[in-house]
Structure formats: structure tokens, C-alpha cells
Asks: 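Right, I'll just put the structure down here and ask away after.
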2 protein chains.
Amino acid sequence: MTQIKESSTRNFNKGLSITACPVTYAINKIGGHWKPIILYHLMSGPKRYSELKRAIPAVTEKMLIQHLKQLQDDNLVIRKAENVVPPFVTYYLSEAGEDLTVVLNAMADWGLRDSKRYMKSA
Amino acid sequence: MTQIKESSTRNFNKGLSITACPVTYAINKIGGHWKPIILYHLMSGPKRYSELKRAIPAVTEKMLIQHLKQLQDDNLVIRKAENVVPPFVTYYLSEAGEDLTVVLNAMADWGLRDSKRYMKSA
DNA sequence: ACAAGTACTTACCCCAAAGTATGTAAGCGT
DNA sequence: ACGCTTACATACTTTGGGGTAAGTACTTGT
């Protein structure tokens with residue numbers, strides 16, 4: 001059995017994805033642990049798949065391509081593959097992705113400021 | 001058995017939380033689905049627990065207090081309880097929390113711009 | 001002949017995040 | 001005596017994000 005109440009939060013969330021809140025909208029696109037980090041690294045210019053992997057050692061290859069794909073689907077990054085062997089694939093920010101630099105830079109700035117706040121006062 | 005490689009990504013992530021990347025640092029504090037949304041709603045001034053709940057209908061009470069607690073632990077919001085019955089508890093942004101307005105506003109702005117991008121061109 | 005490099009794909013598993021549902025304390029109004 | 005309110009707490013279950021490990025295709029280097 002295990003019936004679910006018809007007015008459950010889950011159903012509510014499934015139904016109305018109309019996203020009243022712009023922050024919620026943004027979170028749905030760039031949320032998750034890896035997306036902001038990947039986007040941040042792409043801010044310094046186009047990168048190959050292997051370059052990204054080396055730049056973010058903590059990410060697994062599975063997570064990397066998975067999120068790169070989602071970012072493509074959300075029109076934030078563009079994939080350009082040259083038809084050679086060995087493969088040569090580069091990823092770079094789309095226009096919408098470039099617009100995120102403000103957000104990412106603000107995040108990075110805040111991160112630095114906040115971490116300093118607790119370095120002095122142990 | 002099911003031994004784990006000593007050089008696994010999991011071990012890597014556990015060990016070095018030194019956070020080389022400032023974005024990673026920020027994500028660890030304000031990441032997750034609900035925190036940015038909660039913080040965003042607190043930007044317009046102190047709010048009672050029940051006010052927050054009403055402002056964010058999609059969040060469950062469990063998630064709400066859980067994240068409010070984490071945000072307190074991370075020194076981003078402050079809880080003020082008046083000792084009356086029925087309880088009167090307000091949450092508001094700390095100094096570090098106020099500093100996030102730049103980030104949150106940038107996110108909200110981007111969210112609006114991005115959503116408009118896909119409203120016209122169906 | 002075989003390892004190495006590039007950019008993936010796939011199957012399997014685990015755990016933590018999130019949801020569901022219910023309970024609690026303390027007083028007020030009726 | 002009972003229900004209503006507020007701000008939580010908690011047991012129990014589910015979902016899916018993320019990690020592990022192995023495989024693929026194609027070519028170059030030795």
C-alpha cells in the first residue's frame with residue numbers, strides 16, 4: 001500500500017514548475033555541486049575535456065560528462081568536436097553562460113572574503 | 001571484501017577540504033537546493049519561521065528548520081526567539097549573510113534574463 | 001604486439017539528502 | 001476539557017546524486 005497524500009509536497013513540486021522565484025529557476029539550472037565549479041573553470045576560456053578533468057581533480061569522469069551534457073542541454077556551454085583521432089573536443093561558454101560570470105565572480109569573491117573572516121578569529 | 005582503491009576520488013575529497021577553489025568553498029556553504037532560496041527570502045528583512053514557510057510553500061518544515069540550523073552554524077543567519085507562548089521566533093541575515101546579497105541578486109537577475117530568453121523564441 | 005592517450009559509456013552500488021507522517025510543549029480562548 | 005496556534009522534533013522510507021570500476025574505438029609510439 002503506502003498511499004501518498006494527494007496534497008504532498010512531492011506532488012506539488014512535480015506539478016508547478018512555473019518557478020515563481022527567479023533564484024529557484026537559477027538553482028535548477030546551475031545548482032548541484034559540480035556545475036558552478038565547471039562553469040567557473042570555463043570562464044577563463046575554452047577547455048578540452050582532459051583539461052577540465054585536470055583542473056578539477058576531485059570530479060569523476062562520469063560526473064564531468066554528465067554535467068557537461070546537462071549544461072549543453074540548458075544552453076550554457078557549447079561543445080565543439082574536431083573529427084580527428086585522437087579526439088579533440090573543446091567546451092566553452094555560450095552567451096547565456098557568459099552572463100553567469102557576474103554570478104560566479106560574486107560567489108568567488110564572497111567565498112574568499114568569508115573564508116578570511118574565520119582565518120583570523122580562530 | 002569490496003576493497004576500495006586507496007587513491008579513490010572519495011578519499012581525496014574527504015581528506016583535503018582545504019578548498020583550493022573559492023567557488024567550491026561557497027558551494028559548500030550555500031549549496032543545496034534550499035539554502036539560496038531561504039537566504040533570498042531573508043534579504044527583504046527578518047522573517048518568522050511561519051512567514052518563511054508561507055513564502056516558500058514547496059519546502060517541508062523538516063527541510064526548513066534543518067537548513068536554518070545549518071545556516072546558523074555557518075554564521076549566515078541569526079535566530080532570535082522571544083520567550084512567549086505561542087513562540088515568536090525571527091530569523092535574519094548576519095553580516096556574512098548580508099554580504100551574500102550581491103550573489104543572490106546576481107543569481108535572481110540572471111534567472112530572470114535567462115528565462116526571458118526562452119519565452120520569446122519557442 | 002602491446003601499452004598509452006583521448007573522450008567518452010555502462011553497470012553496479014551506496015549513502016546522504018529529501019519527503020511522509022506524526023508527536024510535543026505551553027499557554028490562550030471558549 | 002478541548003482545540004487551536006507556533007515552532008519545532010523524530011522515526012521511517014524513498015530517491016537519486018555521486019562514486020567505483022571496467023570497457024569501447026581509434027591511432028600513435030616503441
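Here is the naming used below: chain letters follow the sequence lines, and residue numbers restart at 1 for every chain. As the structure is a computational prediction, the values presented were derived from the model and not from experiment. These numbers come from the heavy atoms of this one structure, side chains and all, not from hydrogens, waters or symmetry mates.
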Asks: To the nearest Å, how far apart are A/E51 CD and C/dC8 C1'?
Replies: 17 Å

Asks: Find which nucleotide of DNA chain D each of A/M63 and B/T90 is nearest to by heavy atoms, and output the residue with the more 5' nucleotide.
Replies: B/T90

Asks: Find the distance A/L64:CG to C/dC8:P and express it as a whole number of Å.
Replies: 9 Å

Asks: Taking only the side-chain nitrogens and oxygens of A/R79, find out if one of them lies under 4.0 Å from OP1 or OP2 of C/dC8.
Replies: yes

Asks: Starting from A/M43, can I reach A/Y91 by hopping between I/L/V/M/F/W/Y residues whose side chains sit under 4.5 Å apart?
Replies: yes

Asks: When you match A/V85 and B/P86 each to their closest nucleotide on DNA chain D, which lands nearer the 5' end?
Replies: B/P86

Asks: Roughly, in whole Å, what's the span from NZ in B/K47 to P in D/dA7?
Replies: 14 Å

Asks: How long is the line joining CG of B/N83 and P of D/dA7, in whole Å?
Replies: 13 Å

Asks: Given atom NZ of A/K69 and atom P of C/dC8, what is their separation to the nearest angstrom?
Replies: 8 Å

Asks: Between P on D/dT5 and CZ on B/R48, what's the gap in Å once rounded to a whole number?
Replies: 13 Å

Asks: Just the rounded figure in Å: distance from C1' of D/dA9 to NZ of B/K53.
Replies: 16 Å

Asks: Do the side chains of A/I38 and A/L68 get nearer than 4.5 Å, heavy atoms only?
Replies: yes

Asks: Could you measure the distance from the CD atom of B/Q66 to the OG1 atom of B/T60? Nearest 0.5 Å is fine.
Replies: 8.0 Å

Asks: Reckon A/Y49 has a side-chain N or O less than 4.0 Å from the OP1 or OP2 of C/dT9?
Replies: no

Asks: Touch check for A/E61, heavy atoms < 4.0 angstrom, all strands: base, sugar-phosphate only, or nothing?
Replies: base

Asks: Check this one for me: any side-chain N or O of A/H67 less than 4.0 Å away from OP1 or OP2 of D/dG17?
Replies: no

Asks: Between A/T60 and D/dG18, does any side-chain N or O lie under 4.0 Å from OP1 or OP2?
Replies: no

Asks: With no hydrogens and no angle check, is any side-chain donor or acceptor of A/W110 less than 3.5 Å from a backbone partner on B/A96?
Replies: yes

Asks: Using a 4.0 Å heavy-atom cut-off across all strands, classify A/V89 as base, sugar-phosphate, or nothing.
Replies: sugar-phosphate

Asks: Which whole-number value in Å describes the distance from B/F88 CZ to D/dT5 P?
Replies: 17 Å

Asks: Does B/K53 use its side chain to pair, donor to acceptor, with the backbone of B/V59 at less than 3.5 Å?
Replies: yes

Asks: Ignoring backbone atoms, establish whether B/S50 has a side-chain N or O less than 4.0 Å from OP1 or OP2 of D/dA7.
Replies: yes

Asks: Is B/I65 touching bases, backbone alone, or none of the nucleic acid, heavy atoms closer than 4.0 Å?
Replies: sugar-phosphate

